[in-house]
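Shown next, in structure tokens, is the structure this report addresses.
The figures here come from the full heavy-atom set of this structure, side chains too, leaving out hydrogens, waters and symmetry mates. It should be emphasised that the depicted structure is a prediction, and the values quoted were computed from it without experimental measurement.
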Protein chains: 2
Amino acid sequence: MKLSTRSRYGLLAIIDLAINQEKGPVPLREIATRQNLSENYLEHLVGALRRAELIQSVRGPAGGYYLARPPEEISLGAIIRVLEGPIAPVECSHLDEEGCLSPEDCFIRGFWEDLRVEVNQVFDARTLNDLVQKARYFKSISGCLSSSKGEEE
Amino acid sequence: MKLSTRSRYGLLAIIDLAINQEKGPVPLREIATRQNLSENYLEHLVGALRRAELIQSVRGPAGGYYLARPPEEISLGAIIRVLEGPIAPVECSHLDEEGCLSPEDCFIRGFWEDLRVEVNQVFDARTLNDLVQKARYFKSISGCLSSSKGEEE
DNA sequence: ATAAAACCTATCAAAAAAGTCGGAATTAAA
DNA sequence: TTTAATTCCGACTTTTTTGATAGGTTTTAT
């Protein structure tokens, strides 16, 4: 029931993006350098965020990424679901009929479904903007989330 | 952000236990047979539940397992945390100072901590008794959760 | 004694996650 | 119109976690 590094890295990246996009699209290289993450690996995560239309890209020189919507319209839940897959306690609760022999007779299905909804609400109640606000409060968004020593400067 | 089969199997086992313990300690063999799970594998899960003092055991012939407390005093959260590890979005939110270079300067720490608390509340708001009540409503607790075809009857 | 059970630990296999790599497509600018 | 900066794609490898098995040891009612 933990989030993987995909979420940690991906979230770091999108926060970095939100903070640095004022001067135009932010190249992945810069994000990777600032956050001390593997650019190659970030590529996959950012690709997923783009396909989910949370961010957009500009190709070619001076290209990079930017948010597809203002940060207050991007929920934490939306980001995490992209990076981590559906937030679901057990698989069957987000499946349709298949994979469950008799949905109506499965006493546990509704139970999980309720749980899933509530957990998602917890995540959806927060937005990227909340994170950006907190991040601005500090000099650097390195630290707990990244593995860097955060001592640049 | 999914639960593993540890949770599914372990939960099945403890529900089975809650339902069948009236006639004395329930041997693992019976649970494994009823739920169509590997007895060897269940051993590990049940061992963890015992060490966490959610269930207790009687050794020797006619031995088996029984709940350490009434089912309404065993929260879903407690069970899941035993089987799955702490319900935590990122590792640092349940660690002490170590692993986090500067807790006070880590802008994201409090954020995750709040999230963790809320997610745990969702799980802790449900008890084993809720599950048992639902299960009694049906003939068998096989079905979605187990991989058996649930056609024994 | 015997046998039924919990209990323990090592090992293995399979799956998922994490990370790397080489190159193709795009495009601004020299 | 070449160059170089960038996104984009997909195959691959490595590492970690999960799921599962197996053999042996206690414990204890009968």
What is the separation between atom CD on Q56(B) and atom C1' on dC7(C), rounded to the nearest whole Å?
16 Å
What is the distance, to the nearest angstrom, from the CG atom on L12(B) to the P atom on dG19(D)?
14 Å
Note: A48(A) and V82(A) closest approach over all heavy atoms is O-CG1, 3.6 Å
Report, as a single string ordered 5' to 3', how protein heavy atoms within less than 4.0 Å touch nucleotides 16-30 of chain C: B base, S sugar-phosphate only, - not at all.
--SBBB---BBBB--
Between R126(B) (side chain) and L76(B) (backbone), is there a donor-acceptor pair under 3.5 Å?
no
Verify, without hydrogens or angle tests, whether D16(A) (side chain) and L12(A) (backbone) share a donor-acceptor contact under 3.5 angstrom.
no
Here the distance between atom P of dC8(C) and atom CG of L45(B), to the nearest Å, is 15 Å
Sorted by number, residues from residues 77-85 of chain A placing a heavy atom under 4.0 Å from DNA chain C are none
Just how far, in rounded Å, is P of dT17(D) from NZ of K2(B)?
18 Å
If only atom types and distance count, is the side chain of E84(A) paired as donor or acceptor with the main-chain N or O of S4(A) below 3.5 Å?
yes
With DNA chain C as reference, determine whether R51(B) or E30(B) sits nearer its 5' end, using the nearest nucleotide of each.
E30(B)
Does CZ in R69(B) sit with more than 12 non-hydrogen atoms of other residues, nucleotides or ligands closer than 6.0 Å?
yes
Under 4.0 Å, counting only non-hydrogen atoms across every strand here, what does R29(B) touch: a base, just sugar-phosphate, or nothing?
nothing
Rounded to the nearest angstrom, tell me the gap between atom CD in E39(A) and atom P in dT6(D).
9 Å
Rounding to a whole Å, what distance do you find between Y65(B):OH and dA5(C):C1'?
9 Å
Shortest non-hydrogen contact from E72(B) to T127(B)?
O-CG2, 3.5 Å
Looking across every strand, which nucleic acid part, if any, lies under 4.0 Å from G47(B) by heavy atom: base, sugar-phosphate, or nothing?
nothing
Could you name each residue pair satisfying side-chain hydrogen bond (donor to acceptor under 3.5 Å, both in side chains) that touches residues 56-67 of chain B, not counting sequence neighbours?
Q56(B)-Y66(B)
Look at the side-chain heavy atoms of Ile, Leu, Val, Met, Phe, Trp and Tyr, link any pair under 4.5 Å apart, and say whether L67(B) and V58(B) land in one connected group.
no
Rounded to the nearest angstrom, tell me the gap between atom CG in L42(B) and atom P in dG19(D).
13 Å
Do any side-chain nitrogens or oxygens of Y66(B) fall under 4.0 Å of OP1 or OP2 in dA6(C)?
no
Gap separating the OG1 atom of T5(B) from the CG atom of L11(B), nearest 0.5 angstrom:
12.0 Å
Taking only the side-chain nitrogens and oxygens of S57(B), find out if one of them lies under 4.0 Å from OP1 or OP2 of dA5(C).
no
